[in-house]
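To start, the structure under review is shown below, and the notes come after it.
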Amino acid sequence: MTAPVFVVDRLDRVGPEFVLDGPEGRHAVSVKRLRPGEDVVLTDGRGRWAEGVVKAAEGKDRLIVTGLESVVEEPAESPRITVVQALPKGDRGELAVETMTEVGVDAIVPWTASRCVTQWKGERGLKSLGKWRAAAREAGKQSRRVRFPEVADAAGTKEVAALLAGADFAAVLHESGEEPLATAQLPAEGEIVLVVGPEGGISPEELALFQGAGARVCVLGRTVLRTSTAGTAAAALLLGRTGRWS
């Protein structure tokens, strides 16, 4: 899929001719500068999409799209890959979400680990979560996805342990691990959950709790990656090994 992607709230309201306006229309007309005859894709970000052709651009924020004859439902990928991402400092969380979205992660769970410098509380937490979700949406469009990753509410350690206990394969990236993620036996379907710790590392208590929930402690490689890049690198490895990148 090479046509630019734009998000609409509901595809069941799309007819043979559709007016894309608002922020998406402005981006299409004023930023992408689309012209009549160019292909576009409209999606709800949840797997439903339709391909159309630009009929006209009006003003600075209205794109008239025609040829939308059918809506396609893209099935969910399997195995499903969820990354539990400890909260990084600054804007590195948004960078992590952006790159994980680009490689193909299905869900991202923000984790308030005990050693996280950043803490999401009150309005600040809601604002930060909104930024993560916006980053997933924009990266989903940029990478031509029609099923964007789900960014869950921030989870505590016990909630993460429960998530690991229900997975078909669960792993924690940690320097104490002896099993390479590159050789771990993976399921052909179901749910894979991967935990990435914060800058200060995963505490011994957290690691023990996760192991008790059935997670394996794995290493990614010889080097130590930043928390904002480890999830992307590990997800890419898993996507290749499971055949999702074939």
Side-chain angles (χ1 to χ4, degrees), residues 46-47 75-88 93 96-97 100-101 103-121 125 128-129 132-133 136 147-221 225 227-244:
R46 298 183 295 276
E77 297 277 8
S78 184
R80 174 181 165 91
I81 298 177
T82 296
V83 176
V84 176
Q85 173 66 59
L87 306 180
V97 171
M100 285 191 286
T101 298
V103 299
V105 165
D106 302 295
I108 301 166
V109 179
W111 172 35
T112 307
S114 63
R115 293 179 177 174
C116 282
V117 175
T118 299
Q119 297 291 323
W120 286 3
K121 296 180 180 179
S128 297
L129 179 60
W132 280 37
R133 288 174 172 164
R147 186 180 293 276
F148 301 163
E150 302 168 16
V151 179
D153 292 339
T157 298
K158 290 184 178 179
E159 293 171 298
V160 172
L163 184 64
L164 295 171
D168 297 282
F169 175 87
V172 181
L173 294 182
H174 195 267
E175 58 189 7
S176 67
E178 297 182 356
E179 180 180 13
L181 187 64
T183 58
Q185 187 172 354
L186 303 175
E189 55 186 24
E191 180 92 17
I192 293 175
V193 179
L194 185 70
V195 177
V196 178
E199 285 94 346
I202 299 173
S203 72
E205 294 78 15
E206 290 167 335
L207 190 61
L209 182 63
F210 293 162
Q211 286 181 285
R216 298 151 88 157
V217 181
C218 295
V219 290
L220 188 56
L225 301 181
T227 183
S228 54
T229 55
T232 300
L237 174 64
L238 294 175
L239 287 160
R241 291 197 58 214
T242 56
R244 285 182 48 176

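The side-chain contact (heavy atoms from CB on, under 4.5 Å) with M100 is formed by just one residue from the set T229, V196, V105; it is V105. Of the options R46, R244, R80, R147, a salt bridge (Lys or Arg N to Asp or Glu O under 4.0 Å) to D106 is made by R244 and by none of the others.
The main-chain N or O of P88 is found under 3.5 Å from a side-chain atom of T118 such that the two form a donor-acceptor pair. Although no hydrogens or angles enter the test, the distance criterion places no donor-acceptor pair under 3.5 Å between the side chain of R216 and the main chain of V172.
Nearest heavy atom pair, residue L207 against residue S176, reads CD2-OG, 3.8 Å. The shortest heavy-atom contact between L220 and A230 is CD2-O, 4.0 Å. When all heavy atoms of P110 and V151 are compared, the closest pair comes out as CG-CG1, 4.3 Å. The heavy-atom pair separating C116 from A86 by the smallest distance is SG-CB, 4.0 Å. Closest approach of A155 and V160 over heavy atoms only: CB-CG2, 4.1 Å. The two residues A234 and L181 come nearest to each other via the heavy atoms CB-CD2, 3.8 Å.
Enclosure of atom CD in E175 is not indicated, since only 12 or fewer non-hydrogen atoms of other residues, nucleotides or ligands lie within 6.0 angstrom. More than 12 heavy atoms of other shown residues, nucleotides or ligands fall within 6.0 angstrom of atom CD in E179.
Side-chain contact annotation: E191 with T82, donor-acceptor N/O pair under 3.5 Å present. Using a 3.5 Å distance cut-off with no hydrogens or angles, the side chains of T227 and Q85 do pair a donor with an acceptor.
Side chains of V109 and V83 form no contact here, defined as non-hydrogen atoms less than 4.5 Å apart. In this structure the side chain of L87 reaches within 4.5 angstrom of the side chain of W132, judged on heavy atoms. Side-chain atoms of D168 and I192, non-hydrogen and from C-beta on, never get closer than 4.5 Å to each other. Residues T242 and S78 form no side-chain contact, since every pair of their non-hydrogen atoms from C-beta on lies 4.5 Å or further apart. Looking at heavy atoms from C-beta onward, V195 lies out of side-chain contact with L173 at the 4.5 angstrom threshold. Contact check for V219 versus H174: no side-chain heavy atoms found under the 4.5 Å cut-off.
Checked against the 6.0 Å centroid threshold, W120 and W111 do not count as a close aromatic pair.
Taken to the nearest 0.5 Å, the OG atom of S114 stands 3.5 Å off from the CD atom of E206. How far CZ of F210 is from CG of L163: 9.5 Å, rounded to the nearest 0.5 Å.
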Item to complete: Assess whether side-chain contact (heavy atoms from CB on, under 4.5 Å) is satisfied between L194 and I81, documenting all intermediate values.
Response: CA-CA 8 Å; L194 185 70; I81 298 177; 5.8 Å; no
